[in-house]
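The structure appears below as structure tokens.
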Amino acid sequence: MLLKLILWFVHFKLATSAIDFRFNGFKGVNLSLDGSAVLTYNGLLMLTDLNKQLKGHGFYPTSLGLGNLFSFSTTFVFAIVPEYPGMGCCGFAFTLSPSKDFSHAFPTKYMGLFNSTSDENPSNHVLAIEFDTAMNPEVRDLNANHVGIDINGLVSIRSITAGFTSDDNGEQMNLNLISGNPMQVWIDYDGMDMQLNVTLAPLWQPRPSLSLLSSTINLSSVFLDDMYVGFSASTGGVGSQHIILGWSLKVDGRAHDLNLASLPSLQQSLTSSKKKPLALLSGLPLAVAVLVLIVAFSVMFIVMRKRKFSEESLEDWELDFEPHRFSYRQLFKATKGFKDENLLGIGGFGKVYRGVLPSSRIEVAVKRVSHDSRQGMREFVAEIVSLGKLRHRNLVQLLGYCRRKGELLIVYEYMPNGSLDKLLFYEGEPTLNWDQRFQVIKGVANGLQYLHEDWEQIVIHRDVKASNVLLDSDMNGRLGDFGLARLYSHGGAPQTTNVVGTPGYFAPELIRTHKSTTNSDVYAFGAFLLEVACGRRPLEPKKEANQQVLLDWVLSNWNRGTILETRDPKLGEDYVVDELELVLKLGLICSHTLPTARPSMRQVTQILHGDLPLPDLPIPHFSSSDSSAFIETECFSAYALSFPSMSSESSLFSGR
Ligand SMILES: *[C@@H]1O[C@H](CO)[C@@H](O)[C@H](O)[C@H]1NC(C)=O
Ligand SMILES: *[C@@H]1O[C@H](CO)[C@@H](O)[C@H](O)[C@H]1NC(C)=O
Ligand SMILES: *[C@@H]1O[C@H](CO)[C@@H](O)[C@H](O)[C@H]1NC(C)=O
Ligand SMILES: *[C@@H]1O[C@H](CO)[C@@H](O)[C@H](O)[C@H]1NC(C)=O
């Protein structure tokens, strides 16, 4: 008995270790295709084209061969491009089946999987996750845009309108399957808990934490020893292109992430069919002359292009990061050659360009950071890649990088509403109302808490300030450039000092210790709170002497009981007194001279959400920037300071 169990286990392990693949596009991939399915020249799996009454299948050629108790995980990217906008038929299904032979199956509502007699037959042993774009009352379809779990037939055991639950606000967002836009799907089945989860999201969006469908199903009677896996699609009275762009699957483990940046382009394959044939040339001598010229120009063109797009070749250590690597050519194309009209801004670390990735038509921001030394590059890239794993609704998502001679290009998600400082400080710009500001503050606090406390490593931002806060399409605040300040100091930076950051946001102890901590981030966050509430920068040398240092000015107003008078005049009377007062006082507390007197970011978010009262400090005596005052504090007592003299910072950071 024991021996049998061991043998079974060995067999099981041997068999399962085999299937683990990742196709970032299907160029050169061996798939079993039938019906209308083709691989396009650039590596798309096109299951059907726009013709009517088609069925097409693309399957992994070998069986999963597993016995009937197992787990699998898969992710793929698909797009459905209908014949007419909003009008297409019929959908496709991710399928596990004991056979790759679907010759008896019908198109249209049968999705190329069953026929009128085989539908609902328990001997089918088919699991299908359908992405159905036609409403069929006979099989009790919910609507013409749903995702369903089908076992042995077309009547779904569970189905739901296509969409996802936003991690931002918990709202259910619908997605239109036949929009033509690429979307990503994750399907996981755990044979032990018998949990089947299906999750859907627009391409480039991180996997939503809530699944669209989550079902407990005992599939052990459905799965046979040999099961094949793949996709089936069909068209009906109207056609649709059903396209799979990339696919990753693993048995008994988590599927590898797809490298979204290297998926084949949807656009090219769709327009290629429209290319007109070249008109025939008449006259042989002319043809030869033209040919010679064409060859000469092509060679020149290729040589120049090669030079233009030259990037550092892939080194061994980089192989692990390959999924996050963009080619220079891709980024060059995306930003139309880094044209000035695509310039979004010039940040602390370099120029930032707006771009649209050629393959997926996704908008990105590309930051060019000059990086002279080869030394430290590996570390730099490793950190960038690890920062790319940070996923939070209040952080700007880092998508990948490209390494080129003397510079590094970092690719971020594009934020349509720009940076917060523009809306706060620039004359003539529409400003934010109080509700929007409070929303942004809470968002940034959440993002910073995630960096400090909720991720697997502690990430210190080092440069929290309004100009590093970007606004997404819903005006949520998102922190950008996290961790970069330190990365930048690894090498190649113009000033290679450990002290990076921005004057005015700079915790006083940093001047002495040169060591950033979560506490120094909290200090900068305090300065940021005051910026948002007061609508001005932390240091404004042109102001009257008592107002130049924002922190000191707000503090002296707190002492006098007039703290609300420091608010941004542009707010008018449109603000919530309690919230404004909370933000101003919290700003002062966060910017306490003594690092240990500052709250943690977790406490800050709790205070902002009203779950924790403001610390009951005596009106604190501290200075924004006076380092001698700081040393005094540290050596003697927290509250025994004399009121700060004007800052010594201007001399420390002269020439700012
Ligand atoms: C594709 O895979 C199948 C199954 O492993 C194999 O029989 C076939 O020869 C392969 N075809 C190519 C072109 O490699
Ligand atoms: C349906 O498919 C089965 C095989 O799965 C086949 O034996 C049967 O003849 C088909 N029925 C029709 C009506 O085509
Ligand atoms: C499916 O989702 C549930 C609830 O989110 C989770 O507890 C479970 O681990 C998931 N199962 C798999 C196989 O991903
Ligand atoms: C799942 O189904 C199989 C076969 O029908 C059965 O033997 C097994 O006990 C079921 N498992 C559970 C946990 O119900």
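In each ligand, atom 1 is the first atom listed, and ligand 1 is the first ligand listed.
Ligand-side atoms of ligand 1 in range of Thr62: 5 (O), range being under 4.0 angstrom from any heavy atom.
Per-atom contact check: atom 14 (O) of ligand 1 touches the protein, criterion being a heavy-atom distance below 4.0 Å. Using a 4.0 Å threshold on non-hydrogen atoms, atom 7 (O) of ligand 2 does not count as touching the protein.
Closest to atom 5 (O) of ligand 4 among all protein heavy atoms lies Ser221 CB, 3.9 Å. The protein non-hydrogen atom at the shortest distance from atom 10 (C) of ligand 4 is Asn218 ND2, 2.4 Å. For atom 9 (O) of ligand 2, the closest non-hydrogen atom of the protein is His104 ND1, 4.6 Å. Of all protein heavy atoms, the one closest to atom 4 (C) of ligand 4 is Ser220 OG, 3.8 Å. For atom 2 (O) of ligand 1, the closest heavy atom belonging to the protein is Asn30 ND2, 2.3 Å.
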(message) Walk me through whether Leu196 and Ile187 qualify under side chain to side chain contact (heavy atoms under 4.5 Å, CB included).
(response) CA-CA 7 Å; Leu196 178 67; Ile187 300 171; 4.0 Å; yes
(message) Does Leu127 form a side chain to side chain contact (heavy atoms under 4.5 Å, CB included) with Tyr189? I'd like the steps, not just the answer.
(response) CA-CA 11 Å; Leu127 167 73; Tyr189 179 68; over 6 Å; no
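The shortest distance between side-chain heavy atoms of Arg325 and Tyr401 falls below 4.5 Å.
The backbone N or O of Ser234 sits nowhere less than 3.5 Å from a side-chain atom of Thr48 that would complete a donor-acceptor pair. A donor-acceptor pair under 3.5 Å is absent between the side-chain atoms of His256 and the main chain of Phe21, judged by distance alone.
Under the 30°/60° scheme for interplanar angles, the aromatic rings of Phe102 and His57 are found to lie parallel.
Between Phe76 and Phe231, the gap from one ring centroid to the other is short of 6.0 Å.
Remark: ligand 2 and Ser118 share no N or O pair separated by less than 3.5 Å (distance only, no angle test).
Comparing Asn115, Asp101, Asn121 against atom 3 (C) of ligand 2, the shortest heavy-atom distance belongs to Asn115.
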